[in-house]
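To keep things clear, I will list the structure first and then write my remarks on it.
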Amino acid sequence: MDLLELRRKLDRIDEQIVELYEERMEICSQVADYKIETGKKVLDKTREEEKLRKVRSLAHNEFNAHGIQELFEQIMSMSRKLQYNRLTREGVGGRLPFIDVDQLEVQKARVVFQGAEGAYSQMAMLKYFGEDVDSFHVDTFRDAMCAIEEGSADFAVLPIENSTAGIVSEIYDLLVEFENYIVGEQIIKIEHCLLGVPGTDIDQIRTVYSHPQSLMQSARYLNAHENWKQISMQNNAFAARKVIEDLDLSQAAIASEQAAKIYGLDILERGVNQSTDNSTRFIIVTNQKIFLKNAAKVSLCLEVSHESGSLYRILSHFIYNNLNMCKIESRPIEERNWEYRFFIDFEGNLADGAVKNALRGLREEARSMKILGNY
């Protein structure tokens with residue numbers, strides 16, 4: 001039997017598979033009608049597990065059994081997505097608990113940032129809200145989240161990611177813990193400067209203070225000065241403030257040019273961070289479930305079952321709905337060793353049908369899901 005004949009046989013089988021697939025999906029559409037009428041959930045895990053066991057048993061060897069299981073997992077996944085789509089189109093399940101707004105009410109807003117005067121967070125705040133913003137600062141990220149949760153501030157400005165040092169993991173954890181939501185973002189170009197007491201010479205420096213990420217971002221420069229002791233601070237502005245308060249010629253801070261101006265420090269060297277394209281992304285957070293009508297990015301977090309293929313199945317909802325996923329991060333879940341919570345950013349607006357459809361599937365099939373914001 002030659003190859004062309006074998007291919008003709010495969011073509012005939014494939015045509016039958018397509019015909020049977022479409023027949024199956026038509027029946028699934030009728031199942032969706034039934035679930036719309038009865039309010040029954042789309043995912044029936046017990047039924048699917050029974051089905052997989054049955055089709056596996058029909059195969060004649062273990063290799064085929066594994067392949068059949070994988071094939072039917074995909075077929076049932078497509079069936080669920082069809083049903084989610086029908087439910088979304090029919091408006092079953094209600095609206096998302098987020099309200100769309102034309103613009104944020106920032107004119108009379110009070111804004112909190114972490115750190116001190118001269119922090120990069122302050123720079124991000126001023127760029128987003130303007131120079132006349134009513135603001136105050138707190139010592140920790142948690143203090144900032146508490147301030148908006150309790151209403152002493154309307155918005156908080158928090159760093160979430162640096163282009164070279166990566167994510168600020170504490171912010172991700174706080175977004176899960178607090179009922180606060182992202183409504184905007186601001187990117188600030190970072191240029192770290194080595195700051196010292198007026199009259200200090202670089203040769204006199206023995207100790208350098210800064211935030212751990214800033215020390216990491218300046219590692220190449222600092223490694224060239226092996227005799228310098230590096231001490232971490234909560235914030236770059238705190239480091240600058242300590243240096244001016246101590247008035248010790250052997251101390252320096254890595255912070256911004258703005259911090260040098262505010263605290264009266266000399267800039268001993270500019271651009272000590274190794275990357276000239278170094279930027280930090282800040283998020284604007286509030287305690288209201290709102291989003292701008294022109295918002296274009298959704299952030300969420302979810303947990304999946306601790307079993308093979310669970311993340312793969314969850315991510316298929318983005319592919320099916322043609323949504324571009326921009327980012328995925330994982331964070332360990334407390335008190336559950338080796339299990340992780342996933343944070344995902346993707347392009348879209350909560351009013352879009354494709355986004356609603358994807359979120360319905362994610363909510364049904366993930367162990368838990370929280371929308372962190374649309375901005």
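All heavy atoms count here, side chains included; hydrogens, waters and symmetry mates do not.
- Asn321 contributes no side-chain N or O that, together with a main-chain N or O of Leu323, makes up a donor-acceptor pair within less than 3.5 Å.
- Taking the six-membered ring for Trp and thresholds of 30 and 60 degrees, Phe343 and Tyr172 have ring planes more than 60 degrees apart, a perpendicular arrangement.
- A donor-acceptor pair shorter than 3.5 Å cannot be found between the side chains of Gln74 and Glu70.
- Residue Phe346 is grouped with residue Leu311 when hydrophobic side chains (ILVMFWY) are merged at heavy-atom distances under 4.5 angstrom, including chains of intermediate members.
- Between His192 and Asn236 there is a side-chain heavy-atom pair separated by less than 4.5 Å.
- For the pair Thr164 and Met216, the minimum side-chain heavy-atom distance is 4.5 Å or more.
- Both Leu302 and Leu359 belong to a single network of hydrophobic side chains, linked directly or stepwise wherever heavy atoms of I, L, V, M, F, W or Y lie under 4.5 Å apart.
- Side-chain N or O atoms of Asn223 include one that pairs as donor or acceptor with a backbone N or O of Ala219 at under 3.5 Å.
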* To do: Run the numbers on Tyr128 and Phe155 for ring pair (Phe, Tyr, Trp, His ring centres under 6.0 Å), then give the verdict.
  => CA-CA 11 Å; Tyr128 191 89; Phe155 300 97; 8.0 Å; no

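- Within the 4.5 Å cutoff, the side chain of Ile314 has no heavy atoms near those of the Phe342 side chain.
- For Ser152 (side chain) and Ala147 (main-chain N/O), a donor-acceptor pair under 3.5 Å exists by modelled atom type.
- Atoms CD1 and CZ, on Ile262 and Arg241 in that order, are 11.5 Å from each other to the nearest 0.5 Å.
- There is a path of hydrophobic side-chain contacts, each under 4.5 Å, that joins Val133 to Val157.
- Under the 3.5 Å distance criterion, the side-chain polar atoms of Thr286 are matched with a main-chain donor or acceptor of Asp154.
- With hydrogens and angles disregarded, no donor-acceptor distance shorter than 3.5 Å links the side chain of Asp266 to the backbone of Leu195.
- For the pair Arg80 and Glu48, the salt-bridge criterion is met [side-chain N within less than 4.0 Å of a carboxylate O].
- Both Leu249 and Ile267 belong to a single network of hydrophobic side chains, linked directly or stepwise wherever heavy atoms of I, L, V, M, F, W or Y lie under 4.5 Å apart.
- With Asn273 contributing its side chain and Ile190 its backbone, the two residues share a donor-acceptor pair below 3.5 Å.
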* Derivation of the side-chain contact (heavy atoms from CB on, under 4.5 Å) call for Leu372 and Ile283 -> CA-CA 11 Å; Leu372 301 177; Ile283 52 174; over 6 Å; no

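- Here the rule is side chain to side chain contact (heavy atoms under 4.5 Å, CB included) with Thr200, and of Leu247, Leu265, Leu268 only Leu268 fits it.
- Across all non-hydrogen atoms, the minimal contact from Arg24 to Ser79 is NH1-CB, 4.2 Å.
- Taken to the nearest 0.5 Å, the CD1 atom of Ile13 stands 12.0 Å off from the CG atom of Leu20.
- Taking a cutoff of 4.0 Å between a charged side-chain nitrogen and a carboxylate oxygen, Arg281 and Asp345 qualify as a salt bridge.
- By the 4.5 Å heavy-atom criterion applied to side chains, Ile160 and Val168 are not counted as neighbours.
- Judged purely by atom type and a 3.5 angstrom limit, Asp352 has no side-chain atom pairing as donor or acceptor with the backbone of Val355.
- Within the model, atoms NE2 of His317 and CD1 of Ile344 stand 11.0 Å from one another, a figure rounded to the nearest 0.5 Å.
- Taking the six-membered ring where the residue is Trp, His225 and Tyr221 present tilted rings, their angle falling between 30° and 60°.
- Rounding to the nearest 0.5 angstrom, the gap separating the OG1 atom in Thr280 from the CD atom in Gln213 is 7.0 Å.
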* **Evaluation steps, side-chain contact (heavy atoms from CB on, under 4.5 Å), between Tyr120 and Phe282** => CA-CA 9 Å; Tyr120 284 111; Phe282 293 83; 3.9 Å; yes

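- Under the side-chain contact (heavy atoms from CB on, under 4.5 Å) criterion, Glu303 pairs with Ile333, Arg336, Arg341, Arg367, Ser368, sequence neighbours left out.
- By the 4.0 Å N-to-carboxylate-O rule, Glu329 lies too far from Arg331 to be salt-bridged with it.
- At a threshold of 4.5 Å between non-hydrogen side-chain atoms, the residues Val55 and Gln69 do not count as touching.
- Shortest non-hydrogen contact noted between Ser316 and Lys81 is OG-NZ, 2.8 Å.
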* To do: Kindly determine whether Ser163 and Asp277 satisfy side-chain contact (heavy atoms from CB on, under 4.5 Å), including the steps that lead there.
  => CA-CA 8 Å; Ser163 57; Asp277 297 323; 5.8 Å; no

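- Ser29 places no side-chain N or O within donor-acceptor distance of the main-chain N or O of Leu82, the cut-off being under 3.5 Å.
- Counting heavy-atom neighbours within 6.0 Å of Tyr312 OH, excluding the residue itself, gives a total of 12 or less.
- You'll find the side chain of Val197 stays beyond 4.5 Å of the side chain of Asp248, heavy atoms only.
- A 6.0 Å sphere centred on CG of Asp132 holds no more than 12 heavy atoms belonging to other residues, nucleotides or ligands.
- Looking at Leu175 and Met145, their side chains come closer than 4.5 Å, going by heavy atoms from C-beta outward.
- Between the Trp228 side chain and the Ile205 main chain, a donor and an acceptor come within less than 3.5 Å of each other.
- Atom CE of Met125 and atom NE2 of His137 lie 9.5 Å apart (nearest 0.5 Å).
- The residues Glu307 and Arg313 are annotated as salt-bridged, a charged nitrogen and a carboxylate oxygen being separated by less than 4.0 angstrom.
- What you find for Pro198 and Gly264 is that their closest heavy atoms are CG-O, 3.3 Å.
- Within the model, atoms CD of Gln251 and CG of Asp246 stand 4.5 Å from one another, a figure rounded to the nearest 0.5 Å.
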Listing, residues 96-111 side-chain donor-acceptor contacts under 3.5 Å, not counting sequence neighbours, or none:
unit_1 : atom_1 : unit_2 : atom_2 : d
Asp102 : OD1    : Lys293 : NZ     : 3.2

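- The environment of Glu150 atom CD is dense: over 12 non-hydrogen atoms of other residues, nucleotides or ligands sit within 6.0 angstrom.
- With no hydrogens or angles considered, no side-chain donor-acceptor pair links Gln234 and Asp139 at under 3.5 Å.
- Linking Ile, Leu, Val, Met, Phe, Trp and Tyr whenever their side-chain heavy atoms come within less than 4.5 Å leaves Ile284 and Val112 in two separate clusters.
- For CD of Glu245, the number of neighbouring non-hydrogen atoms (other residues, nucleotides, ligands) closer than 6.0 Å is greater than 12.
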* Residues Arg12, Glu15; criterion salt bridge (charged side-chain N to carboxylate O under 4.0 Å, His left out); working and verdict -> CA-CA 5 Å; Arg12 286 196 298 272; Glu15 288 170 5; over 6 Å; no

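- For Tyr84 and Glu365, the side-chain atoms include at least one donor-acceptor pair closer than 3.5 Å.
- Proximity of Lys327 to Ile167: side-chain heavy atoms (C-beta onward) are separated by under 4.5 Å at one or more points.
- The local environment of CG in Asn322 is sparse, with at most 12 non-hydrogen atoms from other residues, nucleotides or ligands closer than 6.0 Å.
- Relative to the six-membered ring of Tyr263, Lys242 misses at least one condition, a distance below 6.0 Å or an angle of at most 45° to the axis.
- In this structure a side-chain-to-backbone donor-acceptor pair under 3.5 Å is present from Asn374 to Leu350.
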* To do: Tell me, with the steps shown, if Tyr181 and Glu179 meet side-chain contact (heavy atoms from CB on, under 4.5 Å).
  => CA-CA 7 Å; Tyr181 304 91; Glu179 289 300 318; 2.3 Å; yes

